[in-house]
Amino acid sequence: MFMTRPLGWTFALLLALVAGSEVPLQAYIDPGTGSMVVQGIVAAIAGAAVMIRLSWARIRSLFSRGPDTAR
Amino acid sequence: MCADAPPAAVGATGGEPHAASFRDPSGFVFLRDGSLYRQVQLAYREHYDLLVSSGLFRSLVGDGLLVGHEESAAQPASPGAYKVLQPSPIDVISYPFEWSFGQLKDAAFLTLRVQRRALGHGMVLKDASAYNVQYQRCRPIFIDTLSFERHVDGQPWAAYGQFCQHFLAPLALMARVDIRLGGLLSTHLDGVPLDLASRLLPRRTWLRPGLAMHIHAHGAAQRRYEASSKSNGTQPKRAPSVSRHGLIGIVDSLEHTIRALEWRPAGTEWADYEATHRYAEASQEDKRRLVKSWFDALVPVPERVVDLGANAGAYSRLIAEGGATVVSVDGDPAAVELNYRRASAETATTILPLLADLTNSGSGVGWDGDERAPLFERVSADLTLCLALVHHLAIGHNVPFDRIARWLARVAPRLIIEFIPKHDEQVQRLLASRVDVFPDYGAEAFQHAFGRYFATERRQKIAGSERTLYQMRRL
């Protein structure tokens, strides 16, 4: 893999930035350490997007409640 | 559906676990007196009860996403049982390597939908194997009732790697490199290794954020940590904490990445077959009429039909009109994809399109060769439809008539088969660039070979052609 080494460092760095804590793993299939590390990063980014989307929806619903209840 | 208290156990005992049902300690599937049961072990009790009490089971079954079951009074097959379930039957068991691109894609979407809904009920999918999905006719349905477990706050999705290997990697390879790479699923039963997928995908796919993360970086991380975990294997396994929003984000991201993978069925040998092989309209029409009228006159009416060399399923469709279930098999990924798209657009279709190389479909795969049974052990049919196929096997693949007949006699007791003589344009095409080593290829040799296994009930020339249609019954 032509990018393995720099990627490894990038993972370590990203993980230190985004993953707050660690949990003991409970799974009957081998989830794979590498998969868990990548997931930590993906979850931090994609999870933030979900939170923004939910907050945005909440804000919008605050403003649209008036006309909705008037109907 | 589920009763609150398990009924008192009655009836026969025994029953071997199904050959593919040994990985998950939560339970297993077993066969007894021709009926399929699922034994739930005491170890899984908490999760099973939550599946029911959280309303997740009802919600998934109600929307046709998960196979339903009854709690059964049957005796468990072995000690340690909490419950015995009797799942609703699936007509034909099929495997991911027999699905077209669209079928694998829809199975992936189903798995993600089930995961999303599980998260909404405080549960999570503990595995994401493509073998947890089956096709009931043309609709994907999740079959592993024991795949759900209570979600513990902060736990990452243990099945994330498995999902990427079973679904995302093969779909990406099929869409971005070559449709035939779907065949990797038949040699890699636990999914395509991500480092392999990463090497095969074009470099420009690094620019796609979804593929870059879920396949390229994922594959690299797997390799890197696989090496490092060997050196300190005694440490307890720990993983980064993942919030519930994070888990939903992963489902969003995987869905988005898979949605962007498109493949248009064209350019393979058979995708354009219907358009380019318009041999005399009139004889086509006569063949349709013959097949339909012979089929309608069969007594008893066949309920389960297998159409071999089905192409995009034109004749499967003709037969399915009467309500028979038709397993529509072809070896061309584009033909199967077209068939699937057409069938899934129809309401209440009874067609199941499957991809299989008929010259290599006779053996099982997986542990000890019987974990995943051969296709024709899973497909039980009353009738085989075999139109414009024999010349491909006999001349295209040098398979003697006798061996074709012997094989077809095992597939189903009745047969509607077309014979195409050597001077037909389609056969000449096969012989165009090779020496004709088939001096005996002809109707007489065909009838002689099939006569050892079948009795001919009807025989008729298809109008406007030299082709002959036979209706046969197994001796």
Side-chain angles (χ1 to χ4, degrees), chain A residues 1-69 71, chain B residues 23-26 43 126-129 149 152-165 190 194-195 198-199 203 206 209-210 213-229 236-254 256:
Chain A
M1 285 307 299
F2 65 102
M3 288 184 76
T4 302
R5 194 164 288 275
L7 256 180
W9 288 109
T10 317
F11 283 150
L13 192 69
L14 267 173
L15 203 63
L17 287 173
V18 299
S21 58
E22 282 197 331
V23 289
L25 204 56
Q26 311 159 353
Y28 93 97
I29 56 170
D30 181 4
T33 313
S35 294
M36 294 300 102
V37 170
V38 169
Q39 182 178 165
I41 297 164
V42 176
I45 302 166
V50 171
M51 262 162 69
I52 292 167
R53 201 179 61 207
L54 289 176
S55 318
W56 182 238
R58 213 165 291 154
I59 292 167
R60 281 214 319 208
S61 72
L62 275 180
F63 285 98
S64 61
R65 190 167 292 165
D68 269 359
T69 43
R71 234 178 277 157
Chain B
R23 291 207 162 76
D24 185 352
S26 307
K126 66 182 182 185
D127 44 30
S129 161
E149 68 182 11
V152 179
D153 240 11
Q155 278 283 310
W157 187 25
Y160 168 66
Q162 196 178 34
F163 181 89
C164 293
Q165 288 169 211
D190 198 23
L194 298 182
D195 63 322
S198 174
R199 281 173 64 138
R203 292 249 173 119
W206 275 91
M213 275 320 275
H214 298 303
I215 293 185
H216 291 299
H218 195 169
Q222 280 186 340
R223 272 175 75 99
R224 182 187 159 81
Y225 284 91
E226 184 190 14
S228 67
S229 66
K237 288 252 179 193
R238 295 186 71 80
S241 169
V242 172
S243 68
R244 224 176 64 84
H245 282 147
L247 291 176
I248 295 169
I250 288 169
V251 173
D252 285 349
S253 167
L254 287 169
H256 185 79

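Reminder, nothing fancy here: chain letters follow the sequence lines and each chain counts from 1.
Looking at B:Asp252 and A:Arg53, a side-chain N of the basic residue comes within less than 4.0 Å of a carboxylate O on the acidic one, giving a salt bridge.
For a residue to count as touching a neighbouring chain, one of its non-hydrogen atoms must lie under 4.5 Å from one of that chain's; by this rule B:Gln155 touches chain A with backbone and side chain alike. For a residue to count as touching a neighbouring chain, one of its non-hydrogen atoms must lie under 4.5 Å from one of that chain's; by this rule B:Val251 does not touch chain A.
Here the side chain of B:Asp127 pairs no donor or acceptor atom with the backbone of B:Ser129 at under 3.5 angstrom.
The choice from B:Ser243, B:Ala159, B:Ser26, B:Ala239 that makes the most heavy-atom pairs within less than 4.5 Å of chain A is B:Ala239. Heavy-atom pairs under 4.5 Å with chain A were tallied for B:Gly219, B:Pro156, B:Ser253, B:Pro25; the largest tally goes to B:Pro156.
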For this session: Kindly indicate, with the supporting measurements, whether the criterion side chain to side chain contact (heavy atoms under 4.5 Å, CB included) is fulfilled by B:Leu247 and A:Gln39.
Result: CA-CA 9 Å; B:Leu247 291 176; A:Gln39 182 178 165; 3.8 Å; yes

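Residues passing the side chain to side chain contact (heavy atoms under 4.5 Å, CB included) test with B:Gln222 are A:Ser35, B:Gln165, B:Leu194, B:His218, sequence neighbours excluded.
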